[in-house]
S.K.: 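Before I ask anything, here is the structure I am working with.
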Amino acid sequence: MISFAEAFELVLSHPLALGTEQIPLEDCGGRILAGEVYSDRDLPPFDRATMDGIALAYAAFREGQRDFPIRGEARAGTPLQCLNDPATCMEVMTGAMVPEGADTVVRYEDLEIREGVAWIKAPVNRGQNIHPRGSDSGAGKLLLSPGQAIGPAEMAVLASVGKSVAEVFALPRTSLFSTGDELVPVDASPLPHQIRRSNIYALQSALGELRIHPNVGHLPDHPEKIQCTLATALDQPGVVLLSGGVSMGKYDYLPGLFAELGVENIFHRVAQRPGKPFWFGINRHSGCLVFSFPGNPVSTFLNYHLYFKAWLWNCWGLELKKHQVLLPETEENTTPLTQFRLGEVREDQGKLVFSAVPMNSSGDFLSLSRAHGFACLEPRETPYLAGESVPFHYYKSLLS
Ligand SMILES: Nc1nc2c(c(=O)[nH]1)N[C@H]1C(S)=C(S)[C@@H](COP(=O)(O)OP(=O)(O)OC[C@H]3O[C@@H](n4cnc5c(N)ncnc54)[C@H](O)[C@@H]3O)O[C@H]1N2
Ligand code: MOO
């Protein structure tokens, strides 16, 4: 059995060359940006009125003028106009180009308009209610960098600089299998000895967050059937993720079958809890990696988040963000296993503080929905003290 640190390094040392791809903007949400994105023009691209009202030359107001005859109108979406006479004004709508010759916008609420003349009835500051050209970014400035996740805000940035197509990191072809004769489909009425398949939904949804849409299947505890189904999946470059069937049981066929199917074992069993019987290997002929997770729901879930995501980021030449949390009370791990403790994280005076969520064995998948992630306690003879900082692996965002 190898240590968690060794297992982690071995997983990272087997990357796939995934490369990048150009995809349409509408498909970019949730993907990871691979190229740099620059502004193609000043942002905003012109002096933009931020209120509906009138545009005027501030110098005239400063000299005491309060009544401004209205000479025309600037609407959003119309070309630049010119305020030729600084003793006059022009009506201007939010989003319009502020006319040349004007440098200040006064809101309708601060005016009275009578017979084509705007009377100003409130104090005015030079440049008010204008979003100046280039004040957010100049043309040619770097706006987004490789490795940034494309969320709703980044979608807006890409759109505003004309990226109808963006370069993102490519995703691996992925297959996902559950195993075990006790498992029945979700819509079945389980008999007393049966349970519904849940791991596959957890993993499918976790992969979905990365926009990976795996081929999904279920393997019965039947060697020929497993072999037949897995042979096709293993014969292509990509990844195969499995849940269950890798421990010591008489019907845990997977490790033996992987060998028969030409998958080389990189390691089996890691000194960690939960998630110990994790099996990892590679089919060197096809370039297919196998992450075979122990079936207990918490073990499958933890190992996916610990190993698979870090592996994927590493394939892209990136490193997943690391987090640390403070332990609220003394903890011990004098076992020889790296222990992952399920818990919530809350912010206290700018620090992230861990709070354990009780877990009733690694079969207790209900506890997962009550927590944010796992704190990592390495084996140690001395206790972990209250206030000590330890690594934390999020699977849930602080916002959700
Ligand atoms: N003699 C030993 N027995 C076991 C050991 C050991 O070291 N020696 N390790 C234990 C640990 S730790 C784990 S974890 C499990 C892992 O076993 P398997 O990977 O073979 O998983 P299964 O036996 O197939 O399933 C375990 C458990 O999880 C449930 N399960 C499996 N798949 C799903 C699914 N898709 N949805 C919901 N639940 C699932 C399954 O019904 C079992 O209850 O081995 C221990 N045994
Ligand atoms: O290590 Mo197993 O993964 O606890 O149930």
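For ligands, and for the atoms within them, numbers begin at 1 and follow the listed sequence.
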S.K.: Using a 4.0 Å cutoff against the non-hydrogen atoms of K276, which atoms of ligand 1 qualify?
M.R.: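 This gives 7 (O) as the contact atoms.
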S.K.: Can you find an N or O of M248 that's nearer than 3.5 Å to an N or O of ligand 1?
M.R.: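 Looking only at distances, the answer is no, because the N/O contact criterion of under 3.5 Å is not met.
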S.K.: Flag the pair F365 / F301 as yes when their ring centroid distance falls below 6.0 Å, and as no otherwise.
M.R.: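 Distance test on ring centres: not under 6.0 Å, no.
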S.K.: Tell me yes or no: between the side chains of N283 and S286, is some donor less than 3.5 Å from an acceptor?
M.R.: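 Their side chains do contain a donor-acceptor pair, which is all the 3.5 Å distance test asks for.
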S.K.: Do the side chain of T300 and the main chain of P294 share a donor and acceptor less than 3.5 angstrom apart?
M.R.: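 Looks like yes, one N/O pair under 3.5 Å.
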S.K.: Any salt bridge between D52 and R107, counting N to O under 4.0 Å?
M.R.: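 Salt bridge flag = no for R107 with D52.
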S.K.: May I ask you to list the atoms of ligand 1 that are less than 4.0 angstrom from any heavy atom of S178?
M.R.: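 Near S178, the atoms of ligand 1 are 35 (N).
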S.K.: So for G180, does at least one of its heavy atoms come nearer than 4.0 angstrom to any atom of ligand 1?
M.R.: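 No, G180 has no heavy atom closer than 4.0 Å to ligand 1.
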S.K.: Check whether W311 forms a cation-pi arrangement with K309 (NZ or CZ under 6.0 Å from the six-membered ring centre, at most 45° off the ring normal).
M.R.: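 Not flagged: K309 not positioned over aromatic ring of W311.
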S.K.: With atom 32 (N) of ligand 1 as the reference point, say which of N199, L242, L254, L302 has the nearest heavy atom.
M.R.: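 Going through N199, L242, L254, L302 one by one, N199 has the nearest heavy atom to atom 32 (N) of ligand 1.
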S.K.: Would you please indicate yes or no on a ring centroid separation below 6.0 angstrom for F392 and F374?
M.R.: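 No, ring centres 6.0 Å or more apart.
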S.K.: At what distance is the nearest protein heavy atom to atom 22 (P) of ligand 1, and which residue and atom is it?
M.R.: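 Atom 22 (P) of ligand 1 sits closest to the protein heavy atom G245 N, 3.8 Å.
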S.K.: Based purely on interatomic distance, does S247 place a nitrogen or oxygen under 3.5 Å from a nitrogen or oxygen of ligand 1?
M.R.: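 So ligand 1 has an N or O lying under 3.5 Å from an N or O of S247.
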S.K.: With distance as the sole test, does W279 use its side chain to make a donor-acceptor pair with the main-chain N or O of L254 at under 3.5 Å?
M.R.: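 A pair under 3.5 Å: no.
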S.K.: Using a 4.0 Å heavy-atom cut-off, say whether N296 meets ligand 1 through its side chain, its backbone, both or neither.
M.R.: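 For N296, backbone and side-chain atoms both sit under 4.0 Å from ligand 1.
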S.K.: Just distances here: any N/O of I200 and N/O of ligand 1 closer than 3.5 Å?
M.R.: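 No, I200 has no N/O under 3.5 Å of an N/O on ligand 1.
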S.K.: Provide the number and element of each atom of ligand 1 under 4.0 Å from a heavy atom of D252.
M.R.: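 Here the atoms of ligand 1 in question are 20 (O).
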S.K.: Please work out whether the ring planes of Y394 and H372 are parallel, tilted or perpendicular, with thresholds of 30° and 60°.
M.R.: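 Rings of Y394 and H372: tilted, as their planes differ by 30° to 60°.
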S.K.: Pull out every atom of ligand 1 sitting under 4.0 Å from any heavy atom of I195, numbered as shown with elements.
M.R.: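 What qualifies from ligand 1 is 38 (N), 41 (O).
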S.K.: Among all protein non-hydrogen atoms, which one is nearest to atom 25 (O) of ligand 1, and what is the separation to 0.1 Å?
M.R.: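 Here the nearest protein heavy atom works out to G295 CA, 3.9 Å.
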S.K.: Short list, please: which atoms of ligand 1 are under 4.0 Å from a heavy atom of E182?
M.R.: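 Selected atoms, number and element: 40 (C), 41 (O), 42 (C).
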S.K.: Are any of the side-chain nitrogens in D47 or R133 under 4.0 Å away from the carboxylate oxygens of its partner?
M.R.: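 The answer is no: the pair does not qualify as a salt bridge.
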S.K.: Report yes if some heavy atom in the side chain of R114 is under 4.5 Å from a heavy atom in the side chain of V117; otherwise report no.
M.R.: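 Side chain of R114 against side chain of V117, heavy atoms only: no contact under 4.5 Å found.
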S.K.: Check each of P255, S198, P277 against atom 12 (S) of ligand 1 and report the one with the nearest heavy atom.
M.R.: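 Looking at heavy atoms only, the winner is P277.
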S.K.: Using 30° and 60° as the class limits, which term best fits the ring planes of F340 and F4: parallel, tilted or perpendicular?
M.R.: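 Geometry flag for F4 against F340: perpendicular rings.
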S.K.: Could you tell me which atoms of ligand 1, counted from 1 in the order shown, lie closer than 4.0 angstrom to a heavy atom of S299?
M.R.: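 Those of ligand 1 that fall under 4.0 Å from S299 are 14 (S).
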S.K.: What atoms of ligand 1 come within less than 4.0 Å of a heavy atom belonging to G244?
M.R.: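 In order of number, 19 (O), 21 (O), 24 (O).
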S.K.: Just grab all the side-chain hydrogen bond (donor to acceptor under 3.5 Å, both in side chains) pairs involving residues 262-273, residues at least two apart or on different chains.
M.R.: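 Sorted result for residues 262-273: E264-R284, Q272-N303, Q272-Y307.
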S.K.: Hey, would you say the F278 and F267 ring centroids sit under 6.0 Å apart?
M.R.: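 Between F278 and F267, the centre distance is under 6.0 Å.
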S.K.: Under 4.0 angstrom from ligand 1, any heavy atom of P274?
M.R.: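 No.
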S.K.: Quick one: does G363 get within less than 4.0 Å of ligand 1, heavy atoms only?
M.R.: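 It does not, in that no heavy atom of G363 comes within the 4.0 Å cut-off of ligand 1.
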S.K.: Quick one, list the residues around ligand 2 where some non-hydrogen atom comes in under 4.0 Å, by chain and residue number.
M.R.: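 Under the 4.0 Å cut-off, ligand 2 touches P274, G275, K276, N296, S299, S362.
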S.K.: With heavy atoms under 4.0 Å as the rule, classify the contact between P294 and ligand 1 as side chain, backbone, both or neither.
M.R.: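 It is both parts that get close, each with some atom under 4.0 Å.
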S.K.: So is R197 polar-close to ligand 1, meaning N/O to N/O under 3.5 Å?
M.R.: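 Checking ligand 1 against R197, no N or O pair falls under 3.5 Å apart.
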